[in-house]
Amino acid sequence: MTVRTRYAPSPTGIPHLGNLRTALFDYLLARHFGGQFVLRIEDTDQTRYSPEAVGGLIESLRWLGIEHDEGPDVGGPYAPYTQSERLDLYRAAAERLLAQGDAYECWCSSQRLDEVRADQQRRKVPPGYDRRCRDEAGQAAARKEAEDEGRGCVVRFKTPLAGEVAFADAIHGVTMFNLATLDDFVMLKSDGFPTYHLAYIVDDEAMKITHVLRGDEWIPSAPRHMLIYRALGIEPPVIAHVPRVLGPDGAKLSKRHGATSVFEYRDQGYLPEALFNFLGLVGWSLDDKTEIISKAQFIEHFTLDRVVKSPAVFNVEKLQWMNGVYIREVVPADQLVELFAERLDRDLSPSIPRPIDRGLVARIAPLIRERIKVLAEVPDYCDFFFTDDLHYSVEELLGKAHKNDPSGAKAALEASAGAVGGVATWTHDALEAAFRALAESLGAKAGDLFSLVRVAVTGRRVTPPLFESMEILGKARCEARLRGAIAKLS
RNA sequence: GGCGCGUUCGUCUAGCGGCCCAGGACAUCGCCCUCUCAAGGCGGAGAUCGCGGGUUCGAAUCCCGCACGCGCUACCA
């Protein structure tokens, strides 16, 4: 039997990192066993449905590199993969349960349900449906009221009043649940849509899903699911409740914690490979030391028994570090050049002509790849290569060293312009030698001179190595910029 | 209120009876390197393994209580 897993999000908004981590585990598990990973859209709640969400879901999986084998966009042998298109299946299952006596129609109004619940809370008894429609007399009365008011009915599962159900979880082990604590839950809503409980079971069975991974907030409803499996004569799949991903304050990850959608990370310049790596290590680990791990290695080693039970706080700082590692050590140089170029095309001032010169980016990339953690930092590090329109103040130019000595700075810049003119071979080594000699003859500290020249040539106080930058800029531009700085001090 | 899940450095984690007076990583601190910023190297601090009982020659690891946190308790997933 081939392993089949599925990611079954409900399209209610932008895909969330916590959910995506579960999708990632689903994907890794399927690939590890050479099986399939399917995407299924659980749009059974019409009130929360958001049409753009499906596209976002697919795009976020695609970007992260979690490719699905079957789904609403790519089809597959068990189509359709959208629950709203499979309504007859759930209805048939509900009718079968009805016919078997494992379910019953409930005609109670939501208003009455609210009253019952309020009353139970007041009396401090466990809330739950009072089973009015479970017996014929109650049901008949409720049905009469409902028909007078033109309401429809829901289908509820007829939970055994006593006894126990065992539930075996691949991560948490076996738990026994007392049926007396469970009420008769709704499986089919009055609008004809199923609830999650019925829908996922019917679909997983139809789609031959062998492993169900979901957040551990689902543990409490697992016993209901066991009841449905049994009533429908379905052998339950392996079910694993994975730990949730929390925000820094220990609360469930939400908008309040800043970026929670992959798109925000993508826009800030996180690499999908890095996020994949990072996400794969929240709640799972290979051993006691592995941090940087490729997709292939994940697939080779991922198993459920190394998934932890406790929830994890999403540690953005570590993600940032990891992204830096990918930028400077993992991503191939040519790919990095393209990433940098795309970033510059997008973020550099519109006054700068497009497209950005890839050849130039290729020369700059080695200089900045080891100084940034996210792509968003790229433009600030190298915009001066692409424009001669530098903006810096006299204060920035003088810095601390020449703060009270503008004339000295001016003299040093003039000497620098001269030195640039005298450099025979335009290489960073020759430049550095020339400027060190100049500093000495000026009786200045090399660092002070370099800072001055740095601002003059780049317009910034923080840049890639000065002489490498100058080498790329070329003699003419460096000279012109030094003259510009001198003019600024005149 | 009921039911359930969880609990190892600030954070992510290793650990599945002796190798642990607990290892790695991020963050943090110090030193080195250094033209700025990074990167890198070295080193430090940081966990009474939630608490209390057992079991055992021996427990972070097994058992039982308790505490705390979280979740579920919808015609939401």
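Chain identifiers are assigned alphabetically (A, B, ...) following the order of the sequence lines, protein sequences preceding nucleic acid strands; residue numbering begins at 1 within each chain.
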Query raised in the report: Expressed in whole Å, how much space separates the C1' atoms belonging to C26(B) and C5(B)?
Result: 27 Å
Requested in this report: Please state whether the rings of Tyr229(A) and Tyr200(A) are parallel, tilted or perpendicular, taking 30° and 60° as the class boundaries.
Outcome: perpendicular
Report task. Mind calculating the distance between CG (Asp114(A)) and P (C75(B)) to the nearest angstrom? Result -> 8 Å
Query raised in the report: If you measure from the C1' atom in A60(B) to the same atom in C3(B), how many Å do you get, rounded?
Result: 29 Å
Query raised in the report: Atom CG in Leu281(A), atom CG in Leu24(A): separation rounded to 0.5 Å?
Result: 9.5 Å
Query raised in the report: Tell me: CZ of Phe167(A) to P of C72(B), nearest whole Å?
Result: 16 Å
Report task. Return yes if some donor-acceptor pair links the side-chain N/O of Arg214(A) with the main-chain N/O of Ala240(A) below 3.5 Å, else return no. Result -> no
Report task. Report yes or no: does Asp184(A) contribute a side-chain atom to a donor-acceptor pair with the main-chain N or O of Arg131(A) at less than 3.5 Å? Result -> no
Requested in this report: Could you tell me the separation between the NZ atom of Lys309(A) and the P atom of A60(B), rounded to a whole number of Å?
Outcome: 18 Å
Requested in this report: Report yes or no: do Asn178(A) and Thr181(A) form a side-chain donor-acceptor pair below 3.5 Å?
Outcome: no
Query raised in the report: So, is Arg123(A) near the phosphate of G1(B), with a side-chain N or O under 4.0 Å from OP1 or OP2?
Result: no
Query raised in the report: If pairing requires Watson-Crick or G-U wobble contacts with both distances under 3.5 Å, which nucleotide is the partner of A39(B)?
Result: none
Report task. Measure the distance from CE on Met226(A) to P on C3(B) and round it to the nearest whole Å. Result -> 21 Å
Query raised in the report: OP1 or OP2 of A77(B) sitting under 4.0 Å from any side-chain N/O of Lys189(A)?
Result: yes
Query raised in the report: With rounding to whole Å, what would you report as the distance between C75(B) and U13(B) at their P atoms?
Result: 35 Å
**Report entry** Donor-acceptor pair (no angle test) under 3.5 Å: Ser190(A) side chain, C75(B) base
**Finding:** yes
Requested in this report: Determine the interatomic distance between P on A14(B) and the same-named atom on G24(B); round to the nearest Å.
Outcome: 15 Å
**Report entry** P-based separation of C31(B) from A67(B) [nearest Å]
**Finding:** 49 Å
Requested in this report: Using atom NZ of Lys373(A) as one end and atom C1' of C26(B) as the other, report the distance to the nearest whole Å.
Outcome: 11 Å
Report summary line: Its contact letters, B for base, S for sugar-phosphate only and - for none at protein heavy atoms under 4.0 Å, make nucleotides 9-14 of chain B read --BBSS
Query raised in the report: From C75(B), C76(B), C35(B), pick the nucleotide closest to the side chain of Asp45(A)?
Result: C76(B)
Query raised in the report: Do Arg454(A) and Thr463(A) meet the criterion of a side-chain donor-acceptor pair at a distance under 3.5 Å?
Result: yes
Query raised in the report: Under the 3.5 angstrom rule, does the side chain of Asp347(A) hit a backbone N or O of Pro379(A) as a donor-acceptor pair?
Result: no
Query raised in the report: For C5(B), does OP1 or OP2 lie under 4.0 Å from any side-chain N or O of Thr175(A)?
Result: yes
**Report entry** Aromatic ring proximity, centroids under 6.0 angstrom, Trp284(A) and Phe302(A)
**Finding:** yes
Requested in this report: For residues Tyr392(A) and Phe384(A), establish whether the separation of their ring centroids is below 6.0 Å.
Outcome: no
Query raised in the report: For C26(B), what is the paired nucleotide under Watson-Crick or G-U wobble rules, both distances under 3.5 Å?
Result: G10(B)
Requested in this report: Quote, to the nearest angstrom, the P distance that separates G2(B) from C66(B).
Outcome: 13 Å
Query raised in the report: Reckon Arg214(A) touches a base, only the sugar-phosphate, or nothing at all at heavy-atom distances under 4.0 Å?
Result: nothing
Query raised in the report: Taking a pair as Watson-Crick or G-U wobble with both distances under 3.5 Å, which nucleotide is matched to G71(B)?
Result: C3(B)
**Report entry** Nucleotide opposite U34(B) in a Watson-Crick or G-U pair, distances under 3.5 Å
**Finding:** none
Query raised in the report: For atom P, what is the distance between G52(B) and A59(B), given to the nearest Å?
Result: 14 Å
Query raised in the report: Watson-Crick or G-U wobble partner for C66(B), using a 3.5 Å limit on both distances?
Result: G50(B)
**Report entry** First encountered from the 5' end of RNA chain B, between Ile372(A) and Gly152(A)
**Finding:** Ile372(A)
Report summary line: pair_partner(C57(B)), Watson-Crick or wobble, both distances < 3.5 Å, evaluates to G18(B)
Query raised in the report: If you measure from the P atom in A25(B) to the same atom in C49(B), how many Å do you get, rounded?
Result: 23 Å
